[in-house]
Amino acid sequence: MRGKHTISALLGILEERYGPIRWWDAPPEEVMIGAILTQQTRWENVEAALSRLREAGLCSLEGIDAAPDRQIEDLIRPAGYYRIKRGRLKALCRAVLDAGGIPALQRMPDPDLRDFLLSIHGVGEETADSILCYALGRPSFVVDAYTKRICGCMGITGRYGVLKALFEEVIPTDTEARALAHAWIVEYAKEMCGKKRCNECRIVSLSGSD
């Protein structure tokens, strides 16, 4: 697949720069909730909303499912789009609980589990893969806005599934390896792209290396 050598070079640069790091090391239910809250907002806002849910004792599937809509909306307000996200959180929590909870999800094969998540209102591919990788320990690479931006700088474009397949062809079929690769990309994009340090970026030089 075109782009494999470029992706390999990218990951080599990032591994040299960051080494072993951990990102989103949290209980499965909190990761699921956070995967919805992180849609179209910055991580700092998600942390604020999660903190408010924890303080209220509602940072769980059962807690959100049982709580009044208005209470959830007030607690997650820092994450933005709070009415939409409340609806999506409620849908996710109810679907997972109806399916038998996290233990039942853990027994599903990867393809079936991904299809199940994608069938839930408000869960798109990025959200599903975040839940798969960080909440349920499956080797599913997450293609987020940072990934798309960095790929674009390297001259690699394509739909979500195309980019996901490209990275997963390069990265070993191992949850930790794929989570680590995603964490590197997030850290690099926050460090460089967020501060518009394009003149210092080594990634642009990888464009056309395949």
Side-chain angles (χ1 to χ4, degrees), residues 1-4 7 23-41 43 46 49-50 53 59-66 69 72 76 79 81 83-149 151 156-183 185-186:
M1 183 181 291
R2 186 183 182 280
K4 284 177 59 177
I7 295 298
W23 192 75
W24 213 348
D25 188 12
E29 293 190 15
E30 182 172 315
V31 174
M32 288 185 170
I33 294 165
I36 295 290
L37 294 177
T38 199
Q39 295 171 352
Q40 295 181 292
T41 193
W43 180 247
V46 176
L50 287 172
L53 286 169
C59 198
S60 67
L61 301 178
E62 291 85 355
I64 288 176
D65 181 61
D69 289 355
I72 297 299
I76 67 172
Y81 302 99
R83 291 193 180 92
I84 293 172
K85 290 182 180 180
R86 180 266 303 159
R88 293 176 178 180
L89 282 173
K90 288 278 189 176
L92 173 66
C93 294
R94 177 50 27 207
V96 173
L97 292 172
D98 285 346
I102 291 177
L105 267 56
Q106 293 284 25
R107 294 191 290 270
M108 293 184 186
D110 290 359
D112 294 346
L113 180 52
R114 193 169 192 268
D115 286 344
F116 166 75
L117 292 171
L118 289 172
S119 72
I120 300 170
H121 169 71
V123 176
E125 292 187 295
E126 180 183 338
T127 302
D129 287 328
S130 293
I131 292 172
L132 284 166
C133 183
Y134 292 104
L136 301 173
R138 304 300 177 92
S140 192
F141 183 76
V142 181
V143 178
D144 58 13
Y146 292 136
T147 310
K148 292 174 184 175
R149 178 182 297 175
C151 283
I156 299 173
T157 59
R159 294 176 291 104
Y160 187 101
V162 171
L163 297 178
K164 176 180 171 67
L166 177 58
F167 276 90
E168 291 187 347
E169 188 172 351
V170 173
I171 307 168
T173 308
D174 174 82
T175 301
E176 186 172 348
R178 291 183 174 175
L180 183 58
H182 177 243
I185 289 171
V186 171

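Being a predicted model, the structure only gives us computed values, none of them experimental.
At distances below 3.5 Å, not a single donor-acceptor pair connects side-chain atoms of Glu30 with backbone N or O atoms of Asp25. Put simply, the side chain of Ser119 gets close to the backbone of Phe116: a donor and an acceptor are under 3.5 Å apart. Counting only distance, with no hydrogens or angles, the side chain of Thr175 and the backbone of Gly137 share a donor-acceptor pair below 3.5 Å. With hydrogens and angles disregarded, a donor-acceptor distance shorter than 3.5 Å links the side chain of Ser130 to the backbone of Glu126.
In Gln106, the CD atom is crowded: over 12 heavy atoms of neighbouring residues, nucleotides or ligands sit closer than 6.0 Å. Other residues, nucleotides and ligands place no more than 12 heavy atoms under 6.0 Å from the OH atom of Tyr81.
When side chains are defined from C-beta on, Pro139 does not count as touching Glu176, because their heavy atoms never get closer than 4.5 Å. In this structure, Ile64 and Leu92 have side chains that are not in contact, with every pair of non-hydrogen atoms separated by 4.5 Å or more. Here the side chains of Thr147 and Val142 are not in contact, with every heavy-atom distance at 4.5 Å or above. Taking the side chain as every heavy atom from C-beta outward, Arg88 and Val123 never approach each other to under 4.5 Å. At least one side-chain heavy atom of Arg159 sits under 4.5 Å from a side-chain heavy atom of Val162.
Between Leu50 and Cys59, the shortest heavy-atom distance links the atoms CD2-SG, 4.1 Å. Here the closest heavy-atom approach between residue Ala104 and residue Ala99 is recorded as CB-O, 3.2 Å. Shown here for Leu37 and Ala49, the closest heavy-atom pair between the two residues is CD1-CB, 4.0 Å. When every heavy atom of Ala26 is checked against every heavy atom of Val31, the shortest pair comes out as O-CG2, 3.7 Å. Residue Ile33 comes nearest to Ser60 through the heavy atom pair CD1-N, 3.6 Å, listed as atom of the first residue, atom of the second, then distance. Residues Ala135 and Met32 come closest through the heavy atom pair CB-CG, 4.0 Å.
Aromatic ring pairs are classed by plane angle as parallel below 30°, tilted from 30° to 60° and perpendicular above 60°; the pair Phe167 and Phe141 is parallel.
One distance of note links CD1 of Ile102 with CZ of Arg107; it measures 12.0 Å at 0.5 Å rounding. The CD atom of Glu29 sits 12.0 Å away from atom CG of Leu53, with the distance rounded to the nearest 0.5 Å. Here the CD1-CD1 distance, from Ile131 to Ile36, works out to 5.5 Å after rounding to the nearest 0.5 Å. Between the CZ atom in Arg149 and the CG atom in Asp144 there is a gap of 10.0 Å [rounded to 0.5 Å]. With rounding to the nearest 0.5 angstrom, the CG atom of Leu180 is 13.0 Å from the CZ atom of Arg178. Note that OG1 of Thr41 is 11.0 Å distant from CD1 of Ile76, once rounded to the nearest 0.5 Å.
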Check your understanding: Does the salt bridge (Lys or Arg N to Asp or Glu O under 4.0 Å) test come out yes or no for Asp110 and Arg114, once each step is laid out?
Key -> CA-CA 6 Å; Asp110 290 359; Arg114 193 169 192 268; over 6 Å; no
Steps toward salt bridge (Lys or Arg N to Asp or Glu O under 4.0 Å) verdict (Asp129, Arg138) = CA-CA 9 Å; Asp129 287 328; Arg138 304 300 177 92; over 6 Å; no
- prompt: Can Glu125 and Lys164 be said to form a salt bridge (Lys or Arg N to Asp or Glu O under 4.0 Å), step by step?
  reply: CA-CA 10 Å; Glu125 292 187 295; Lys164 176 180 171 67; over 6 Å; no
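The existence of a salt bridge linking Asp65 and Lys90 is excluded, since no basic side-chain nitrogen approaches an acidic carboxylate oxygen closer than 4.0 Å.
When the options Tyr134, Tyr146, Trp24 are evaluated for a ring-ring contact (aromatic ring centres under 6.0 Å, His included) with His182, the one that passes is Tyr134.
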